[in-house]
Amino acid sequence: MPSIPVARPRRYLLCEPRHFDVRYTINPWMADGVEVDRERALAQWRVLVDTYGRLGHAVETVDPVVDLPDMVFAANGAVVMGGRVLGSRFHAPQRQPEAAAFQAWFKDAGFDVHEPESTCEGEGDLVPVGRFLLAGTGFRTVPTAHQEAQEFLGVPTISLRLVDPYFYHLDTALFALDDENVAYYPDAFSPGSREVLRGLYPDAIIATREDALAFGLNSVSDGRHVIVAPRATGLIAQLSGRGYVPVPVDLSELHKAGGGAKCCTQEVRTA
Ligand code: ARG
């Protein structure tokens, strides 16, 4: 019998989309000429923040910086495990200045930040699942950053290769349901990486391409409640079937930049 999903209170870091925009194209979602409704983005983001509060999670925010329109995607700013903060080194020049802004927030909050030497986009590609760190590569974070993460964080780090540009970050193709299990979209991964995932997580929730394209896998789970894109209807049904509580939050404006709920959410894991 699978155990009943239990929530654990979390500490989240987010960044208000005050300067959010689509001004350059660094992933296939950021089509040229896409128009962003910033007020709508702000309203959707506030629902996300309120939802975390209602579920009993602590939310902190880092000040958004003018001319950094992607800074709302706070997950990319670092990865934190056991109070150790691995900072980021962004792939795209347009996003590179974000690293210092996130680093400054962590320093103010009392954390030391380890700066990676290789391209490394935080929780976008580095997804903690219990004792392991799943590490994506192929589009942004490079394999040498996986080694740096393992050395610095001291957790077994498992490299996975992404092959579909629509799922350019690991957190667009996979999320942690709890410390033991994940949901993912197999075709986003190379054959070898698919085999690794099958072996590690035989009971994983397998998502369809449709649900993955709706950013259903860019979800945030507290172990019980899963903040999920409302259009990922198949995934929502699967989550309910396993005893999780899907909490749909619509972030369609942020989707235009290739991001969803998880991209907006950095988890500060101090334990
Ligand atoms: N426009 C941003 C980029 O391409 C979106 C980042 C989404 N973040 C994420 N964690 N997947 O870098």
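Just follow the structure's listing: the first ligand is 1, and inside any ligand the first atom is 1. It should be emphasised that the depicted structure is a prediction, and the values quoted were computed from it without experimental measurement.
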Next on the checklist: Which residue and atom name correspond to the protein heavy atom nearest atom 10 (N) of ligand 1, and how close is it?
Outcome noted: Asp171 OD2, 2.7 Å
Checklist entry - Does ligand 1 have any atom sitting under 4.0 Å from a heavy atom of Arg140? => result yes
Checklist entry - What residue and heavy atom of the protein are closest to atom 12 (O) of ligand 1, and at what distance? => result Arg95 NH1, 2.6 Å
Next on the checklist: Strictly distance-based, threshold 3.5 Å: is any side-chain N or O of Thr51 a donor or acceptor partner for the main-chain N or O of Val47?
Outcome noted: yes
Checklist entry - Can an N or O of Asn76 be found at a distance shorter than 3.5 Å from an N or O of ligand 1? => result yes
Checklist entry - How about Phe106 and Leu13: do any of their side-chain heavy atoms sit closer than 4.5 Å? => result yes
Item to check | Cationic N near anionic O, under 4.0 Å, Glu123 to Lys262 | outcome: yes
Item to check | Identity of the nearest option to atom 1 (N) of ligand 1, non-hydrogen atoms only, from Ala75, Ala257, Ala74, Pro28 | outcome: Ala257
Next on the checklist: Any nitrogen or oxygen of Glu121 lying under 3.5 Å from a nitrogen or oxygen in ligand 1? Just yes or no.
Outcome noted: no
Checklist entry - atom 9 (C) of ligand 1: which protein heavy atom is closest, and how many Å away? => result Cys263 SG, 2.7 Å
Checklist entry - Strictly under 6.0 Å, is that where the ring centroids of Phe139 and Tyr168 end up? => result no
Checklist outcome for this item: Under 4.0 Å from one or more heavy atoms of Met30, ligand 1 contributes atoms 1 (N)
Next on the checklist: How close do Val142 and Ser118 get, counting heavy atoms only, and between which atoms?
Outcome noted: CG2-CB, 3.4 Å
Next on the checklist: Quick check on side chain to side chain donor-acceptor pair (under 3.5 Å): which of Thr137, Thr141, Thr172 does Asp125 satisfy it with?
Outcome noted: Thr141
Checklist outcome for this item: Per-atom filter on ligand 1: closer than 4.0 angstrom to a heavy atom of Gly124 are 10 (N)
Item to check | Identified salt bridge (charged side-chain N to carboxylate O under 4.0 Å, His left out) counterpart of Arg8 within the set Asp178, Asp179, Asp222 | outcome: Asp179
Checklist entry - Looking at atom 5 (C) of ligand 1, what's its closest protein heavy atom, distance included? => result Tyr168 OH, 3.3 Å
